[in-house]
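One structure below.
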Amino acid sequence: MAIRLNPYAQRYPLWLKGNLHAHTTLSDGELPPDETLEAFIRRGYDYAALTDHDVVATPAEERYPQILFLPGVEHSAQQHILRVNVTTTLPRDLSYQSVIDLTLQADGLVILNHPNWGDDFNHWRDAQLFSLERFHGIEIYNNVIEYLEGSPYATDRWDRLLSAGRQLWGYANEDTHRILQIGSAWNMVNVRQRSKAEVLEALKTGRFYASTGAVLEEIAVQDGFWFVRSGNAKALRLISHQGEVLEEVKGSTATFSLSRARVYARVEAVGDGFARAWTQPVFVE
Ligand SMILES: [Zn+2]
C-alpha cells in the first residue's frame, strides 16, 4: 500500500468555517443577500457563498470585512449544479459537461447537488454522475433535503464513485433557504492565511473536511497511518472501498492503519445525535 494522493499532505494551523450553498430573496430564500451574510457572521462563519437559483446575488460585500464573500449560483436545470466563485449565469439548455467546463474556465468550484433528493433518491442518476467529468465533488450532505423527499446524505454515491477510482471531494452544504437552517452544515478549510484565494484552493484540492456538528482538530496521514483528533466525537470510523467500515474506535482520537485500505480511505466522526464530520479521501495504490 502506497499513498497516491493525500489532500492533507500540507497542514496549516488555521481552520476556517464556511457555507457554500445559500439562497436569498433573489430566488427562494427567506433573507435578502446582506442579511444572509449578517446571519452567517453572527454564527461565526469565516466565508460564505450566495448561490441563488440562476441569479447571482451581489451583496454590499465591502460592508462585511468579517466574512469572505464568494459569489456564485445554483445552475438549476433539471438537475442542479453549484457554481462558486463565478459572477455570471449560464443558459439552462447547455449540457452539464459544458456547465462544468465553463465554470472551471472561470476559475470556479463545481459541485453536483443533493444526489439523493426525490422520492426515488435519484436527483442525479449514477449513470449521470459516472459520465460527467472534471467536477470537484458532490454534496454528501444537504440540509434542505431533511425537509423534502429523499435522503440528505449521499455518502453511498460518493463511495461508489471513489471505488471506481474517481477523485472527488465530499461537501456538507446547508442549502440555506430558511433562517432556522443556519448552522446546520459547513466545510472547514485548512489554510495558510485568511483569503478568498486560499479558501478556494483548499476547497478545490480537498484540504478541508465537511461537518454537521462534529469537529476535527487534527488530520494527519503519514507512514501508512491515519491520525485523527476530534473535539467532540464519540466514535471514529475508517472507511474504504465500497464504503466498508474497516475499523471503528470509540472516543475522540484514533490512529488507523491504512494497510487494509483499497483504492481510497476516509474517516467519519460520529458525534452527538446526528452530528457528523467527514474527512476527504486519501487515495492509495
Ligand atoms: Zn439550493
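Computed from heavy atoms alone, side chains included, the values below leave out hydrogens, waters and symmetry copies. Counting starts at 1 for both ligands and their atoms, following the listed order.
Within Glu74, the N, O or S atom lying nearest to the Zn ion (ligand 1) carries the name OE1. Within Asp175, the N, O or S atom at minimum distance from the Zn ion (ligand 1) carries the name OD1.
For an aromatic pair to be called close, the ring centres must be under 6.0 Å apart, and His80 with Trp117 satisfies this. Proximity of the aromatic rings of Tyr209 and Trp15 is defined here by a centroid distance below 6.0 angstrom, and this criterion is met. Checked against a 6.0 Å centroid threshold, the rings of Trp158 and Tyr141 do not count as neighbours.
Taking 2.8 Å as the threshold, His177 does not count as a candidate ligand of the Zn ion (ligand 1), since none of its N, O or S atoms lies below it. With a cut-off of 2.8 Å, the Zn ion (ligand 1) has an N, O or S atom of His23 in range.
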Side-chain polar contacts of residues 252-259 - donor-acceptor pairs under 3.5 angstrom, sequence neighbours left out - could you list them?
from, atom 1, to, atom 2, distance (Å)
Ser257, OG, Ser259, N, 3.1
Ser257, OG, Ser259, OG, 3.0

